[in-house]
Amino acid sequence: MDKKNSKTLLKASGLTKKFGSFVANDSINIEIKKGEIHALLGENGAGKSTLVKMFYGLLAPDEGNIKFNNKIINLLNPKFARAMGIGMVFQHFSLFPALSVSENILISLDEKLTKKQLEKSIINTSKKWGLKVSPSKKVAELSVGEQQRVEIVRCLLQKPKLLIMDEPTSVLSPQEIVNLFKVLKNLSKSGCSILYISHKLHEIKEIASKVTILKSAKVVDTMETKNVSTNILAEKMVGKKIIRLKAKKNLKKLKSNLALSVNNLYRFKKNQFGVTLNNINFTIDYGQVLGIAGIAGNGQVELMEALSGETLGKKEEIIFENKSIGNSKIEYRRQLGIEFVPEERNNHATVPDLKLHENTFLTFFGYHIFNKSFFNKIFTNPKLSIQASKQIEKKNDVRCPYDNPLAKQLSGGNLQKFVIGRAFQANPKLVIISQPTWGVDIGAANIIRQKILNLASMGKAIILISQDLDEIFELSDSIGVISNGNLSKIKNKKNMTPTQVGLLMGVS
Amino acid sequence: MESLLITILVTSVPILLAGTGELIAEKSGVLNLGVEGMMLTGAVAALGSVLIFGNPLAGIFFGALAGILISLIFSFFTIFLMTNQVATGLGLTIFATGLTGLIGEPFVGKTISSLPKIEIIFLSDIPFLGSIFFKHDILFYLSILLIIAVHFFLIKSRYGIIIRAVGDNHDSAHSIGYPVKIIRLLCVGFGGMCAGMGGAYIPLVLTPHWSEGMTAGKGWIALALVVFASWLPFRLLLGALIFGGITILQFVGQARGWPFPSQFLNMLPYLVTIIALSIISIKTRSGNTLVPSSLGKPFLENN
Ligand SMILES: Nc1ncnc2c1ncn2[C@@H]1O[C@H](COP(=O)(O)OP(=O)(O)O)[C@@H](O)[C@H]1O
Ligand SMILES: [Mg+2]
């Protein structure tokens, strides 16, 4: 490395940020060199987004300072940051769906251009870096990958010296990730520094030369990535040794093991943003985990809705233990012993503003109606649902901030443990789970994954819909890939590699 | 025929003005149901100021000013204290109805002079069309120019795009550095100014003396009009004429003894809006989202 390249671009000293009495960043020190790709690693809630929001002028630090090119800067709002040469691509994008791509870009450019000049520079920039965007389309019509390209182009038009990317790959396909990494590497060659936020270890090894690890609001360590293994990174990030999952016990293969079969399942898309399910076929046996991989938005939501009975179709499309249930409602399917954990834990799996026991009551309400006396059909007995909730909390290590909280007061990981525990509490024969560890920290994710394996060991059937390839390979016995509403042939895990699955995911 | 068309045009002005203001406020994401109240405030302020200063132009100024001031109450509650917009808007109208009744008490029975008509040279000489379109008061011309200006402002100008952006996704607007609350405050203020002028038009041109609640539901029609227009300025202009025409039809119908009850015609603007809404919802289902996505949602900073 020559001297020029090793100059410091940004240096933060003693940065502290509090929300009320909660400390989200505790005297953080970090130094980013010119032209380097610097990774920021940490679990959900470690304080990564908070830190970079201070670099972008969205949050004001309570203590400490930020030096940019050796001068202390005071970023009053994002305009100041952009003027200094700091650009940011947000974790949850910051685009406007009803506006066109060029309008989206126009209002975040502080330089005033005419529409023609703007479109020309959008096209030039997108060609230069290989980021395909179409200026006249509405953002609502774009795929997530395209939306991210728009965000990046929007930053590049300002010719940034530092580009901050907050968990950019959580929504991308493996192929899109490859492209993104190419762009980032080229950018860094051209002298732009990149602060790359992620909690995926192999990504960090691949793209970054340095990594700063954040845990519970504090910097744990900063190191060169080439000298460190992903295992060590993981341990530093979590703060303890990562326990390996206990493998599941396999059942003896029986003739009558078939739990569910899906035959030529077809659902036309509900709106233009939806996906049409095309001729889906698969079967699952008891004691097995069937993993369905795929990038979000390829029909997973629609498949879940069809399996759970939120959308109905022909009777014979879904057969559970010789009963045709393709046209029966969710309550009936529950009575047969099927449970569902949809991917949205807020609003879909729970009502955020109701207490945990009330949420428990809502799912078990069906049983009350069918099994109880007339009196119990009308009145409820909160004692029962409180009892059930407490059991779920205990069995699944759900940590509540206080007794009987509202669903929205639980952290993501704890709420997810609750939702999954609630499904298991009903003693189901088949559980269909979508994205169980999405946005959940490693600790909670491990507990959830172990629960899934344990359940399969007990002879239950599990359908696991997930976009996390590591998770799919870790838990499943057999794997299928959903892409654009089509499900690939289900194959035994032993006959598949992550690369093969990745390729199937990209077909569209 | 000629006088009928003129009456329709003039009747449309208050709802056109109020609708223009509300359109901007809603484009920025704020649903202000207090339009009726703001119009009443504008009307009473206009009437009072003409009585005091003797000049109808003062009526326009003070009507607009009063509209802005009362909209600040709404903004303070909804934008800064984050109260529910629907409830606050309804409250504003109830409050303004009472307040204007009190203020207007001493004006009862007094008549003011109307806004002078301005004939536009050459254009007003065009046979038939000239006397329909080009012999009006200044506020009439202003209201037409305003809606045209709003159209181009929203589509072409940077600030118009920013307003639409704030109404589409206030969190994104905040994260790229726009002051969401200030922008909304300004848009609601503009809405108040327009509603104030729309209200002022009633005593200044239509009926030159005070009676309690003299806006007679025009604020509600203006609200329906914005929805009917699906937040598009030129559709708003068209809708204002249609709604204005329906209002006049009521009087004509009564005068000529048409065989259906006047209540039916009273109902028509809302009926038309419901039909328009159904058509819009069909359109949106096919993906064409017209409603500003964050309409009615409070913006909480620090998220
Ligand atoms: N505006 C806010 N108000 C209160 N707490 C917040 C706010 N933003 C973030 N937090 C809290 O700060 C912690 C760190 O959040 P964040 O920086 O988003 O974490 P990360 O990006 O590493 O997942 C979390 O516990 C989060 O709940
Ligand atoms: Mg984050």
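Sequence lines set the chain letters: A, B, ... in the order given, protein chains first and strands last, and positions in each chain run from 1.
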- Query: Is atom CH2 of A:Trp129 surrounded by more than 12 heavy atoms (other residues, nucleotides or ligands) closer than 6.0 Å?
  - Reply: yes

- Message: Are there over 12 heavy-atom neighbours, none belonging to A:Lys79, within less than 6.0 Å of that residue's NZ?
- Response: yes

- Item | Nearest heavy-atom neighbours spanning B:Asp168 and A:Ala98 | OD2-N, 2.8 Å

At a heavy-atom separation under 4.5 Å, does [X] approach chain B through its side chain, its backbone, both, or neither?
X        : result
A:Leu109 : backbone
A:Leu95  : backbone
A:Phe93  : backbone

- Query: Counting a contact as any heavy-atom pair under 4.5 Å apart, which residues of residues 67-77 of chain B contact chain A?
  - Reply: none

- Residues of residues 143-159 of chain B under 4.5 Å from chain A (heavy atom pairs)? B:Ile155, B:Arg158

- Backbone N/O of B:Ile176 and side chain of A:Arg82: donor-acceptor pair under 3.5 Å: yes

- Query: Taking the side chain from A:Tyr56 and the backbone from B:Ser175, do they hold a donor-acceptor pair closer than 3.5 Å?
  - Reply: no

- Query: Which is it for B:His174 and A:Leu58 under the side-chain contact (heavy atoms from CB on, under 4.5 Å) test, yes or no, and what are the steps along the way?
  - Reply: CA-CA 8 Å; B:His174 171 70; A:Leu58 263 175; 3.9 Å; yes

- Task: Please determine which of A:Ser108, A:Ser94, A:Pro97 meets the side chain to side chain contact (heavy atoms under 4.5 Å, CB included) test together with B:Ser172.
- Result: A:Ser94

- Query: Given A:Phe96, which of B:Asn169, B:Ile162, B:Ile161 fulfils the side chain to side chain contact (heavy atoms under 4.5 Å, CB included) condition?
  - Reply: B:Asn169

- Answer yes or no: is there a side-chain heavy-atom contact under 4.5 Å between B:Tyr178 and A:Ile107? yes

